[in-house]
Every structure is written in structure tokens, then in C-alpha cells.
Protein chains: 2
Amino acid sequence: MELVTIYQCLCDLTRLRLLHVLAQGPLCVCDFQAVLAEPQVKISKHLGYLRARGLVEAKRRGNWVVYALPAKPSAGLRANLACLQDCLADDPRFQRDLARLRRLESTCAVDKLAPVPATSVGRKRCC
Amino acid sequence: MELVTIYQCLCDLTRLRLLHVLAQGPLCVCDFQAVLAEPQVKISKHLGYLRARGLVEAKRRGNWVVYALPAKPSAGLRANLACLQDCLADDPRFQRDLARLRRLESTCAVDKLAPVPATSVGRKRCC
DNA sequence: AAATGGTATTCCCAGACAGGAATATAGATC
DNA sequence: GATCTATATTCCTGTCTGGGAATACCATTT
């Protein structure tokens, strides 16, 4: 993966927030909407941008799509994601996202990584 | 310094090359031209871009302008520059720049950091 | 003052991209 | 099949940016 490509992905605030939150674990689009408090188009487009360049992976899980950081990131990506987390550790704007994420997790018990039941997810709404 | 700003600076190949070479020490524009083998406008514009955002510092030295990494980089910048050097250590395209830089240094004995003589630099050409 | 060398700026164009509104698609439920 | 939820895509617009040609600017030398 080209280093320039990585930086192109990192040079937008929304995408930084997405990746920062994703470091905590996989998440679906509607959760991102809640955590970032941004409209669906915006979230979906930026996730698409990241996905097209290999910065995130996605898999459909019933009705919704779960995004995650790559299972096997390149060395450059791994280094930069670590650097990113490090640099954002004290940034209040990004910490607010994490706070909303934790609030979400406490009310929503869905395990985003559990295997998908054969025919149905068994739940109508995400959270 | 905003982290996003740093990434915006890093998301162009030419600017990556500039910063990578700059890590070896201060350099003037005409040297960059030789090291990167790119036209003057391109070099000058990208250096201007980096300078406007605080990623590099510049000072006139007689007839030419010497660029350098900031004397006191922010924590985020320092971390990312280190990460950058680390990621590029094996990239042949960037190593070629360093090779040209060393060739330049062997033929050009100007000390870019030496204090500027009061009235004249004493040399007509840069190298 | 004129000439010269080094650097920055302006003007132009083409492409990328962010944002939002509206619409389309996919899967699940009824 | 109709409906609903979740997600993606299309269309539009404004802004930013990269590249190059030409030119302006600044300092030095003659």
C-alpha cells in the first residue's frame, strides 16, 4: 500500500474520527452516525473512500454492514494508525467520540463480530 | 498544529520527498531541484505550501533561501516525521533522492547553516 | 545602472474532492 | 409482494489543489 494513499485517507477530519473510533473495534454505519453525530451520506461516503483504498474492511451482516480495520494491515498502515492513536490521545474532540461510543455500547448489546445466523439476524433494528 | 494539516501536507508525493530529504539537514531550493530532479516552480510551490502550514522553516541566506525542518516541532509533527522516515527507509524511490543528495554534498562544500557574511555571501553560484 | 542568478508569484487549466438532497439498492419482516 | 430499515450511489455545486508557462521579485556582481 502506497504511503501517499494512507496520508490521503488521513487528511480529512471525518475520516480521522472514523479510524480513531474504529480502533476500538468493528462498527456498523448507523453506529458511526450516532457516535460522530454526522449524516448518513457523509459517513457512508467516507467509509467507502477508506474501503476503496484498503484502510478498512467491510462485511455485510444481515441488514447492516460492519466495518473494521484490516485484519492484516501493511507495515506502513500499522505504524501510522499507531501514531494516529498516540497523537489523538489527548484531543478532547476525539475523546468525545469515544465517550459516545461507550454510551452506545452500554445500551446496545449486539455483538458485531458474532457469526451471522443462516437466514436471519434475528433483530429488526441495529440498536 | 492541527493533525489534519500535517496529513494534508504529507499526502503529496513531492512533499513527502522534500520532507524526507530535509530530514538529512537544511537545503536550498536549487539543491532540491537537483536532488528531486523536478522543475523549480514545482519545488518552490510545494515548499511554500509546507512553509505556510509550519511544516518547514525558511530563511534567506544571501541570494538563496535555505529550508529546514522546524527547530521546535509540535509533538504531533515530530511523531509523524519519525514515522515517515521509518516507513520510507526501504523505499528505493526515496533512497535514490538520498543518493543524489550525497553526490551533491560531495561536490558542493557550502555550509548551509554558516552565518551569513555582513555584505556578501562570497559566492556567485550555489553549487 | 545593467546584468545575472536564485526564488516566488501569477495566471491558466484540469482533476479531485467534500457536502447535501434525492434516489437507488439490498436484506429482513410482515 | 409490500413495507421497512440500513446502506450506497447519483447528481449537483463550490472549493481546493497540482502542474506548467511566463513573469515578477530580490540580492549580488560587474
Side-chain angles (χ1 to χ4, degrees), chain A residues 4-5 7-18 26-53 56-67 108 110 112 116-127, chain B residues 4-5 7-18 26-53 56-68 104 108 110 112 116-127:
Chain A
V4 173
T5 306
Y7 289 128
Q8 285 170 346
C9 288
L10 298 181
C11 74
D12 176 272
L13 180 58
T14 304
R15 289 197 288 268
L16 278 189
R17 294 171 72 197
L18 288 173
L27 224 54
C28 67
V29 179
C30 59
D31 287 340
F32 278 118
Q33 287 178 237
V35 170
L36 300 201
E38 298 281 0
Q40 187 258 329
V41 203
K42 195 167 173 177
I43 301 287
S44 183
K45 269 201 209 169
H46 282 297
L47 283 173
Y49 186 103
L50 292 173
R51 184 184 189 182
R53 289 157 183 79
V56 303
E57 293 171 350
K59 58 181 166 190
R60 206 166 246 290
R61 180 162 159 53
N63 213 336
W64 52 88
V65 177
V66 177
Y67 283 85
C108 162
V110 188
K112 300 290 196 292
V116 187
T119 57
S120 159
V121 185
R123 311 177 69 256
K124 186 168 185 179
R125 318 201 51 178
C126 172
C127 287
Chain B
V4 173
T5 306
Y7 289 129
Q8 285 170 347
C9 288
L10 297 182
C11 73
D12 176 90
L13 180 59
T14 304
R15 291 196 289 267
L16 279 189
R17 295 172 71 196
L18 288 173
L27 225 54
C28 68
V29 179
C30 59
D31 287 340
F32 278 119
Q33 286 178 238
V35 170
L36 299 201
E38 297 280 359
Q40 186 259 330
V41 203
K42 194 167 174 177
I43 301 287
S44 183
K45 269 201 207 169
H46 281 296
L47 284 173
Y49 186 103
L50 293 173
R51 184 185 189 181
R53 290 157 183 80
V56 303
E57 293 170 349
K59 58 181 168 189
R60 203 167 247 290
R61 180 161 158 57
N63 214 335
W64 50 89
V65 177
V66 177
Y67 283 86
L104 199 70
C108 161
V110 188
K112 298 292 196 291
V116 187
T119 56
S120 161
V121 186
R123 309 179 69 259
K124 185 167 183 180
R125 320 201 52 180
C126 173
C127 290

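Throughout, protein chains are lettered first and strands after them, A, B, ... in sequence-line order, and every chain is numbered starting at 1. Here the structure is a predicted model, which means the values were calculated and not measured.
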S.K.: What's the CG-P distance between B/Leu18 and D/dG19, to the nearest Å?
M.R.: 11 Å
S.K.: Do the side-chain N or O atoms of B/Ser44 get closer than 4.0 angstrom to the phosphate oxygens (OP1, OP2) of C/dT7?
M.R.: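 No, outside the criterion.
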S.K.: In whole Å, what is the span from the CH2 atom of A/Trp64 to the C1' atom of D/dC4?
M.R.: 13 Å
S.K.: Set out, line by line, the N/O atom pairs under 3.5 Å between protein and nucleotides 20-24 of chain C.
M.R.:
| unit_1 | atom_1 | unit_2 | atom_2 | d |
| --- | --- | --- | --- | --- |
| C/dG20 | O6 | A/Lys45 | NZ | 2.4 |

S.K.: On DNA chain D, nearest-nucleotide positions of B/Tyr49 versus A/Arg51: which is more 5'?
M.R.: A/Arg51
S.K.: By side chain to side chain contact (heavy atoms under 4.5 Å, CB included), which residues pair with B/Arg53, not counting sequence neighbours?
M.R.: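 Here the qualifying residues are B/Thr5, B/Cys9, B/Tyr49, B/Leu55.
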S.K.: Might you point out which heavy atoms bring B/Asp12 and B/Thr14 nearest each other, and give the distance in Å?
M.R.: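 Taking every non-hydrogen atom into account, OD2-N, 2.9 Å.
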S.K.: How many whole angstroms separate atom CG of B/Asp31 from atom P of C/dG5?
M.R.: 17 Å
S.K.: Give a yes/no on whether any side-chain N or O of B/His46 is located under 4.0 angstrom from OP1 or OP2 of D/dT17.
M.R.: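 Answer is no, no contact under 4.0 Å.
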S.K.: Specify the residues of residues 7-15 of chain B, ordered by number, for which at least one heavy atom lies under 4.0 angstrom from an atom of DNA chain D.
M.R.: B/Asp12, B/Arg15
S.K.: If the condition is salt bridge (charged side-chain N to carboxylate O under 4.0 Å, His left out), which residues does B/Glu38 pass it with, not counting sequence neighbours?
M.R.: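 Counting only residues at least two positions away or on another chain, B/Glu38 forms a salt bridge (charged side-chain N to carboxylate O under 4.0 Å, His left out) with B/Arg17, B/Lys42.
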S.K.: Please report the distance, rounded to the nearest Å, between CZ in A/Arg60 and P in D/dT7.
M.R.: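 A/Arg60 atom CZ is separated from D/dT7 atom P by 8 Å.
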S.K.: To the nearest Å, how far apart are B/Arg61 CZ and C/dT7 C1'?
M.R.: 16 Å
S.K.: Are the side chains of B/Trp64 and B/Val29 in contact, using a 4.5 Å heavy-atom criterion?
M.R.: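 No, too far: nothing below the 4.5 Å cut-off.
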S.K.: State, to the nearest 10°, the angle formed by the axis through the first five base pairs of the helix from C/dA1-D/dT30 to C/dC30-D/dG1 and the axis through its last five.
M.R.: 0°
S.K.: Can you list everything that forms a salt bridge (charged side-chain N to carboxylate O under 4.0 Å, His left out) with B/Arg15? Sequence neighbours excluded, please.
M.R.: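 B/Arg15 satisfies salt bridge (charged side-chain N to carboxylate O under 4.0 Å, His left out) with no residue once adjacent residues are dropped.
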S.K.: Rounded to the Å, how far apart are A/Leu47 CG and D/dT9 C1'?
M.R.: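 It is 14 Å, rounded to the nearest whole Å.
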S.K.: My understanding is that only residues two or more places apart in sequence, or in another chain, count here; which of them pass side chain to side chain contact (heavy atoms under 4.5 Å, CB included) with B/Ala52?
M.R.: none
S.K.: Between the base of D/dT28 and the side chain of B/Asn63, is there a donor-acceptor distance below 3.5 Å?
M.R.: no
S.K.: With side chains defined as the heavy atoms from C-beta onward, is the minimum distance between B/Leu16 and A/Tyr7 less than 4.5 Å?
M.R.: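 Of all side-chain heavy-atom pairs linking A/Tyr7 with B/Leu16, at least one is under 4.5 Å.
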S.K.: To the nearest Å, how far apart are B/Leu50 CG and C/dT7 C1'?
M.R.: 16 Å
S.K.: Using whole Å, what does the distance between atom C1' of nucleotide D/dG19 and atom CG of B/Leu36 come to?
M.R.: 15 Å
S.K.: Can you list the residues that meet the side chain to side chain contact (heavy atoms under 4.5 Å, CB included) rule with B/Val41, with sequence neighbours excluded?
M.R.: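 B/Lys45.
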S.K.: Sequence neighbours excluded, which residues qualify as side chain to side chain contact (heavy atoms under 4.5 Å, CB included) partners of B/Gln40?
M.R.: B/Gln33, B/Ser44
